[in-house]
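Shown next, in structure tokens, is the structure this report addresses.
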Amino acid sequence: MRSGRAVCGGILLAVLAVLAAGGVLVVWKRPAAEPPPEPVRLTLHELPPEEEGERLSQYDELIRKYAARYDFDWRLIAAMIAVESRFDAECRTADGGMGLMQLMPDTAEEMRCAKPFDPEENIATGVKFLRSLCDRIPGNLTERDRLQFALAAYNGGYGHLIDARKLAKTLELSPDKWRGNVEESIQFLEHESYYKQSRHGYCKAQVIIRHVERVMKKFDEYSERFSATGPSARRIF
């Protein structure tokens with residue numbers, strides 16, 4: 001039986017032979033991705049069912065206020081907060097996320113948020129930042145795709161979204177659709193042969209994908225449980 005080193009050496013020689021002969025070696029199979037890290041388990045600070053009614057948390061009024069101001073469905077913002085911090089205004093994560101909407105230090109500074117652990121200032125800043133991302137993303141997109149792109153950018157950075165959409169074109173996928181397209185291409189940016197050729201480098205694609213999936217699932221859940229009333233119900237994104 002040939003050793004693993006011998007097999008790898010044989011493969012390398014074969015590749016070099018193809019290249020030396022003027023051939024082009026193209027590999028389209030998606031590299032295997034490492035499993036995402038286990039999320040930090042926190043207590044979900046929702047109201048108990050007997051106190052719930054049409055209320056979800058103690059921050060509902062603030063959520064509705066800023067969702068309406070920036071033209072979002074309030075249940076989407078509530079879903080983001082549930083996923084980001086589980087309605088814990090004092091939540092602080094190892095990567096630097098702060099407060100209900102897990103504002104990163106750079107984002108808080110850019111958006112001039114002086115008190116990121118203050119519930120109202122945190123929500124106001126997070127929702128305003130999400131709106132800026134939605135409005136910034138170019139293309140003729142469906143509302144749901146634009147929202148999923150914005151959530152990916154909110155979690156992982158706008159630059160990685162740009163790289164993933166460009167790579168989607170190279171891979172003959174749609175740069176204007178998240179599910180099964182940019183969702184696929186962004187996973188290549190976890191691998192050196194791809195992220196070294198991208199402008200914004202390595203990204204934690206599995207974390208981003210998981211975040212988008214969890215927010216959308218929670219949004220759909222809240223849409224079933226709670227009514228959308230007032231101007232904030234006009235748009236998904």
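This is a predicted model, so every value here is computed, not measured.
If you take CZ on Phe188 and CG on Leu167, they are separated by 6.5 Å, rounding to the nearest 0.5 Å. If you take OG on Ser132 and OH on Tyr70, they are separated by 9.5 Å, rounding to the nearest 0.5 Å. Atom CD1 of residue Ile123 and atom CZ of residue Arg69 lie 12.0 Å apart, to the nearest 0.5 angstrom. Note that the CD atom of Gln187 and the CD atom of Gln206 stand 4.5 Å from one another [nearest 0.5 Å].
Judged by distance alone, the side chain of Asn122 and the main-chain N or O of Glu120 form no donor-acceptor pair under 3.5 Å. Put simply, the side chain of Arg199 never gets that close to the backbone of Gly159: no donor and acceptor are under 3.5 Å apart. Panel note: side chain Arg86, backbone Ile81; no donor-acceptor pair is recorded below 3.5 Å. Judged by distance alone, the side chain of Glu190 and the main-chain N or O of Ala205 form a donor-acceptor pair under 3.5 Å. Without hydrogens or angle criteria, Glu121 side chain to Pro116 main chain gives no donor-acceptor distance under 3.5 Å. A donor-acceptor pair is defined here as one N or O able to donate and one able to accept, closer than 3.5 Å; such a pair exists between the side chain of Asp163 and the backbone of His200. A donor-acceptor contact shorter than 3.5 Å links the side chain of Arg146 to the backbone of Cys134. Side-chain atoms of Arg92 do not come within 3.5 Å of backbone N or O of Gly97 as any donor-acceptor pair. Of the possible donor and acceptor atoms, one in the side chain of Glu183 sits under 3.5 Å from a partner among the backbone N and O of Gly180. Side-chain atoms of Gln102 come within 3.5 Å of backbone N or O of Gly99 as a donor-acceptor pair.
Side-chain contact between Asn155 and Val207 is present, with heavy atoms from C-beta onward closer than 4.5 Å. Using a 4.5 Å heavy-atom threshold, the side chains of Arg165 and Ile137 count as touching. Counting heavy atoms from C-beta on, the side chains of Arg214 and Glu84 never come closer than 4.5 Å. In this structure, the side chains of Lys217 and Glu213 stay at 4.5 Å or more apart for every pair of heavy atoms.
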Checklist entry - Does the pair Tyr202 and Leu189 meet the rule for a side-chain contact (heavy atoms from CB on, under 4.5 Å), with working shown? => result CA-CA 6 Å; Tyr202 172 83; Leu189 298 177; over 6 Å; no
Checklist entry - After noting the C-alpha distance and the side-chain angles of Val215 and Leu76, does the key distance pass the side-chain contact (heavy atoms from CB on, under 4.5 Å) rule? => result CA-CA 8 Å; Val215 172; Leu76 167 66; 4.2 Å; yes
Next on the checklist: Checking Arg131 against Asp135 for the salt bridge (charged side-chain N to carboxylate O under 4.0 Å, His left out) test, could you report, in this order, the C-alpha distance in whole Å, the side-chain angles of both residues, the deciding distance, and whether it holds?
Outcome noted: CA-CA 6 Å; Arg131 167 52 58 203; Asp135 292 345; 3.0 Å; yes
Next on the checklist: I'd like to know whether Leu100 forms a side-chain contact (heavy atoms from CB on, under 4.5 Å) with Met80, so could you lay out the CA-CA distance, the side-chain angles of the two residues, the decisive distance to 0.1 Å, and finally the verdict.
Outcome noted: CA-CA 9 Å; Leu100 290 168; Met80 285 186 67; over 6 Å; no
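Taking Arg136 as the reference, Tyr158 meet the side-chain contact (heavy atoms from CB on, under 4.5 Å) condition, with sequence neighbours excluded. By the side-chain contact (heavy atoms from CB on, under 4.5 Å) test, Ala124 pairs with Tyr66, sequence neighbours left out. With sequence neighbours excluded, the residues forming a side chain to side chain donor-acceptor pair (under 3.5 Å) with Asp220 are Arg144, listed by chain and number. Under the side chain to side chain donor-acceptor pair (under 3.5 Å) criterion, Asp145 pairs with Thr142, sequence neighbours left out. For Asp106, there are no side chain to side chain donor-acceptor pair (under 3.5 Å) partners two or more places apart in sequence or in a different chain. Applying the ring-ring contact (aromatic ring centres under 6.0 Å, His included) rule to Phe129 yields the partners Tyr154; only residues at least two apart in sequence or on another chain are considered.
No side-chain donor-acceptor contact under 3.5 Å links Ser85 and Asp88. Using modelled atom types and a 3.5 Å distance limit, the side chains of Ser174 and Asp176 yield no donor-acceptor pair.
Between Phe87 and Tyr222, the angle of the ring planes lies from 30° to 60°, which puts this pair in the tilted group.
A 6.0 Å sphere centred on CG of Asp95 holds more than 12 heavy atoms belonging to other residues, nucleotides or ligands. With a 6.0 Å radius and a threshold of 12 heavy atoms from other residues, nucleotides or ligands, Glu61 has its CD atom above the threshold.
Salt bridge status for Glu221 with Lys218: present, with a side-chain N to carboxylate O gap under 4.0 Å.
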